[in-house]
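All values below come from the heavy atoms of this structure, side chains included, with hydrogens, waters and symmetry mates left out. Predicted model only: the values in this text are computed from it and were never measured.
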Amino acid sequence: EYVILILTKYYHADSTKVLESSLWRSIDYGTTYTKLNLMPGTTIVVTSFYICPTNKKKVVLVGSSINERDQMLFISTDEGSSFQRQSITFIPETLIFHPKEEDKLLAYCKEGRLYASTDLGRKWTLLQERVTKDKVFWSVSGVDVDPDLVHMEMQDTSGGYLYVTCLIQNCSDKMVTAQFLGKIDHNSLLVQDEYIFVKVTTGNRTKHYVSYRRNEFVQMRFPKYALPKDVQIVSTDENQVFLALQEWYQSDTYNLYQSDPQGVYYSIVLENVRSTKQPEENVIIDILEVRGIKGVFLANQKIDGKVMTLITYNKGRDWEPLTPPTTDMNGKPVSCRAPYCHLHLHLRWADNPYVSGTVHTKDSAPGLIMGAGNLGSKLVEYKEEMYITSDCGKTWRQVFEEEHHILYLDHGGVIVAIKDTSIPLKILKFSIDEGRTWTVHNFTSTSVFVDGLLSEPGDETLVMTVFGHISYRSDWELVKVDFRQSFPNQCTESDYDSWQLTDLQGEKCIMGQEQSFRRRKDMSFCIKGKSYTSALTTKPCQCTEKDFNCDYGFERSHVDGERCFADFWHDPGSPPEDCHPGQTYESSTGYRKVITNSCEGGLDKQQSSKQHNCPLLPPKGLRVGIKGQMLAVAPGDDITFIIHQEQGDTSSTKYQVDLGDGVRAIYLNLTVTDEPIQHRYEKPGVYKVTVKAENMAGHEEATMYIQVTGSPLQEVHLEVVPIAGRNHEVNLTAVVLPTEANMTVFYWWIGDKLQPMLSLQNSILTRFPEAGEVSVSVQAFNGRSMVQDTRTVRVYDEFQVIPLRFSRNLDRFNPNIPEWREDIGQVVNKKLAKITDIPQDSLVTVVNPGLPTTADLYVLPLDNKPAKRSMFVDKRIPAIIQAFNDNNVSFVVRGGLQVLVMLADPNAAGGPGVWALAVIFLISIIATGSFILYKFKRKLPCSHNVYAQMHNEKEQEMTSPVNHSEDTQHIIQGEEFIDDDLDSQTLGNSQFSLKRVIL
């Protein structure tokens, strides 16, 4: 009826070696124990035992002889009453029972070998070697087709790691199936419910991938500039991934994100949740799912060193601090009032599996939460008073002044508490009215050091066991505590009343429905029993604002908590990547219904979503690389080329491939098929590989250079200002990872030249003699590996530059990476073009590296051929200056924070218009003088048109990653064109030509 199995081990005083072990069995609720003799006359050391989760009559022990020469299993099918000995040839470190089929086992050994058994351990088959510990998973029922499938992470012969699957009947190397194309990071495989997660690190970037219901892996889409340092999966319940992500700027906190049902697109729900790093690089995150009621979570948020406990009732859509109790445990009023004082709880897991953590909840006791914490403005580490709520966090009561271990019996009908202390105890406390009153009970006549609490399997039990020891040199003490005598009768319906779930504001509609639950009356001393169910009624509600969360690419405003705004990098109207002509897509309104929310009718925040036809998009973001990412190879090496296209239709695109050695080919639909481009170069040399993608909407070309000739170089990034003046000096800088790489040779490819410039320095100066677009590539080579980056520079005869700065709050969100700087520049271009009606393609904003965040606005000519214009002032410059002076150029970043874009030199703000008028006035005087001279027929020799035009005098130099040159903080003013017959000699020196006016 109730069997207890206890394994005791006796260790050598000076080591961790087990000298002797014993197995004890009780069948009378722990009243008496019998020592089991596994092998009479032989000393057996049992290291661990396992109970089948689907049939608890079946038990497997792992043991060895005293000299550890003979390894063996002991198998029982009768709850440990008898055991059969089975010799084995390996030392199992972990046994894994099949979740559905009780006789199937996996055994993992320290050496990385994995074995399988289909008869409860009597016979074993070696499946694979070099398997990663704790990265072995049985098939998931209802998701995987074959129940005998095993998921595992294993090391290949080259030292990399793969995600593979196989059947336990045949798992040889030939029968193993690689489920992810390419290598994955060590220790990154996770199979959980309907999802499989892996990650891949290349250079200094890590990409996370997910497979939903065993479909193809897709890259997980976090906000563009989250740049995760670490990702921890919190929950995969109810068709949604709930995870904690540490962003690039965080050290001891994580941000919480929720996904769509496929686990691909993620939106933030809470920032700065406290984290603690444990031994062996384990991370504990202060987030706790409250069991018994779906959608309720507790989290500890850390801001400016202060930790506060928050609760959500709708899966993270809204968070609120806990309401403090009005009185202490003695009934005296407490001086703790919101918003300056709240209840805060420690959300730690217990290291000991036989005691509760600092917060205790249970599925069979909905609404009942008991935890350790304190009242105040923040969580205090050394304060661990005990508080309880029976209405899921709406109201709280203090019950103890010190932390206690908690055990719920009979669906929470009995709450047992034992003080968490290092001194011996002989009393426990229990409550039968949800913690309102407590009774003290002496569970033993001799004080013991309590090591743990055990209860009978099943939520309805009223029997528990306290185990511990009298002294540090004594044997174990096990004490049975039986509450059955206190409850002689089974509860009937008249013994219950009900309570309704509400949030802290009293809102009854939680997750789209009203819910009520049973609660035993305080004066009813009866057993709830096996047939008890807590849920009473549910009633759907009409949908409101509270039932919708922000969609991917949107964030909730900190100012207006009900509004979701689009992040600056996200275009809600753009078609998805898998959108092909003939299909339709739906543009996001910024909102999506909270997953598993049950509301019906009412408000529909997604109702205004519009259906669009997928357009035929030209190829964009075309890249060519090789598998393994090595650009330096040996003659005869097999090379597999990989082509990636970020945007544009692929189904109707033609790809022309030129491998540089005379081999050319044409492919259709190349980026969405598994057809590889494989090649082998026989002779040493440099080969230019070109891929041109073309469809009816446009074309794109990608180029790479292969050197046919190890710590390899990981990445190179080419830093260059995208706008340059013709024949003006331009700085090209290559940033190489890892930064400590030395003896690197740099190859600079400019334009269509096949002969590169070589340098040992990571930067060069160059000039572009012709206007137009010039492709610039740099390759970094250290003798063992080569990496490449390419940029396009637009060269003009003339343009103007306006230095800009931003409000300092932007520096907090600056990760100092090129993609972020490009997106900020695009936002400024769009905003300025909209305000001034200046064509966006004539504005280029380049954000400089480093802090503080600054930028240069390039105002490009409206056409490439300078026109001869009379008395013309470029009106774009005053309009741009005016827009900045009026503080009209701004954008919103995370949390609804407004970022203002300003002139770097405010004193020059009024200059352009005033000086332009002054120049016009001066020109008019000169023109009048010329007319008078003409009237007096004083003919001036060598008369010709003289015009003043502004050339870009700004040096095209790379800005340092840490500061920006003050010499560049000026504005090059507008163009002035004069079309009068003036002799240049009348302006001064006889050989002077008026080509430049510097204002």
Side-chain angles (χ1 to χ4, degrees), residues 2 4 6 26 29-31 291-292 329 345 349-350 352-372 384-390 397-469 476-488 491 519-520 522 524-530 532 534:
Y2 178 29
I4 300 177
I6 294 178
S26 171
Y29 289 93
T31 303
R291 296 165 62 186
M329 58 181 293
L345 300 177
W349 297 100
N352 182 352
Y354 299 110
V355 297
S356 63
T358 53
V359 174
H360 192 55
T361 67
K362 199 169 186 179
D363 288 324
S364 61
L368 199 59
I369 309 172
M370 197 165 179
E384 294 181 334
E385 304 156 350
M386 295 297 295
Y387 296 87
I388 191 171
T389 176
S390 54
R397 304 182 300 275
Q398 184 186 3
V399 290
F400 306 123
E401 292 181 338
E402 299 173 286
E403 184 180 0
H404 284 60
H405 299 309
I406 305 300
L407 191 65
Y408 292 166
L409 303 175
D410 190 29
H411 308 278
V414 177
I415 306 174
V416 180
I418 293 184
K419 186 186 293 186
D420 180 13
T421 179
S422 58
I423 63 175
L425 301 170
K426 59 181 178 181
I427 65 168
L428 58 78
K429 303 167 189 174
F430 68 93
S431 172
I432 60 173
D433 55 7
E434 297 181 334
R436 291 175 178 82
T437 60
W438 293 85
T439 302
V440 176
H441 172 67
N442 286 303
F443 64 88
T444 180
S445 58
T446 305
S447 296
V448 298
F449 294 93
V450 175
D451 293 295
L453 310 176
L454 286 173
S455 65
E456 176 189 358
D459 297 317
E460 72 283 353
T461 182
L462 281 168
V463 180
M464 61 170 289
T465 301
V466 181
F467 68 91
H469 51 280
W476 290 95
E477 288 283 324
L478 293 106
V479 182
K480 181 182 74 171
V481 183
D482 192 343
F483 291 94
R484 290 179 296 177
Q485 294 81 359
S486 303
F487 301 93
C491 292
R519 171 189 288 156
R520 191 179 64 191
D522 292 344
S524 295
F525 300 101
C526 56
I527 300 174
K528 296 181 181 180
K530 288 185 178 182
Y532 172 77
S534 57

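Arg519 contributes a side-chain N or O that, together with a main-chain N or O of Ser390, makes up a donor-acceptor pair within less than 3.5 Å. Under a 3.5 Å cut-off, the side chain of Arg520 and the backbone N or O of Ile432 do form a donor-acceptor pair. Asp410 contributes a side-chain N or O that, together with a main-chain N or O of Lys528, makes up a donor-acceptor pair within less than 3.5 Å.
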Next on the checklist: Please evaluate residues Met386 and Ile406 with respect to the criterion side chain to side chain contact (heavy atoms under 4.5 Å, CB included), reporting the C-alpha separation (whole Å), side-chain torsions for both, the decisive distance (0.1 Å), and the verdict.
Outcome noted: CA-CA 10 Å; Met386 295 297 295; Ile406 305 300; 4.1 Å; yes
Item to check | Verdict with supporting geometry, Leu368 and Ile388, side chain to side chain contact (heavy atoms under 4.5 Å, CB included) | outcome: CA-CA 7 Å; Leu368 199 59; Ile388 191 171; 4.1 Å; yes
Checklist entry - Could you go step by step and tell me if Asp420 and Glu402 meet the side chain to side chain contact (heavy atoms under 4.5 Å, CB included) rule? => result CA-CA 8 Å; Asp420 180 13; Glu402 299 173 286; over 6 Å; no
Checklist entry - Given the rule in the side chain to side chain contact (heavy atoms under 4.5 Å, CB included) test, do Val399 and Met370 qualify, once you have shown the distances and angles that lead to the verdict? => result CA-CA 9 Å; Val399 290; Met370 197 165 179; 3.6 Å; yes
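The minimum heavy-atom distance linking His404 with Lys419 is given by the pair CD2-N, 3.4 Å. Closest non-hydrogen pair, Gly292 versus Pro366, comes out as O-CB, 3.7 Å. Minimum heavy-atom separation, Ser431 to Arg436: OG-N, 4.0 Å. Nearest approach of Met329 to Glu401, heavy atoms of both residues: SD-CG, 3.4 Å. Shortest non-hydrogen contact noted between Phe467 and Leu453 is CE2-N, 4.0 Å. In terms of heavy atoms, Arg291 sits closest to Thr361 at N-OG1, 3.2 Å.
Considering OG1 of Thr358 and NE2 of His405, their distance stands at 11.5 Å, rounded to 0.5 Å. The CD atom of Glu477 sits 11.0 Å away from atom OG of Ser447, with the distance rounded to the nearest 0.5 Å. Atoms NE2 and CD1, from His441 and Ile427 in turn, are 11.0 Å apart once rounded to the nearest 0.5 Å. From Asp451, atom CG reaches atom CZ of Phe449 across 9.5 Å, with rounding to the nearest 0.5 Å. Remark: Leu478 CG to Ile6 CD1 distance equals 4.0 Å, nearest 0.5 Å.
Between Phe487 and Cys526 there is no side-chain heavy-atom pair separated by less than 4.5 Å.
Among Thr444, Ile418, Val450, the one residue that satisfies the side chain to side chain contact (heavy atoms under 4.5 Å, CB included) test with Leu428 is Ile418. Shown are Val414, Asp482, Leu409; of these, the side chain to side chain contact (heavy atoms under 4.5 Å, CB included) with Thr461 is made only by Leu409. Checking Tyr408, Trp438, Phe483 one by one against Phe430, the ring-ring contact (aromatic ring centres under 6.0 Å, His included) holds for a single residue, Phe483.
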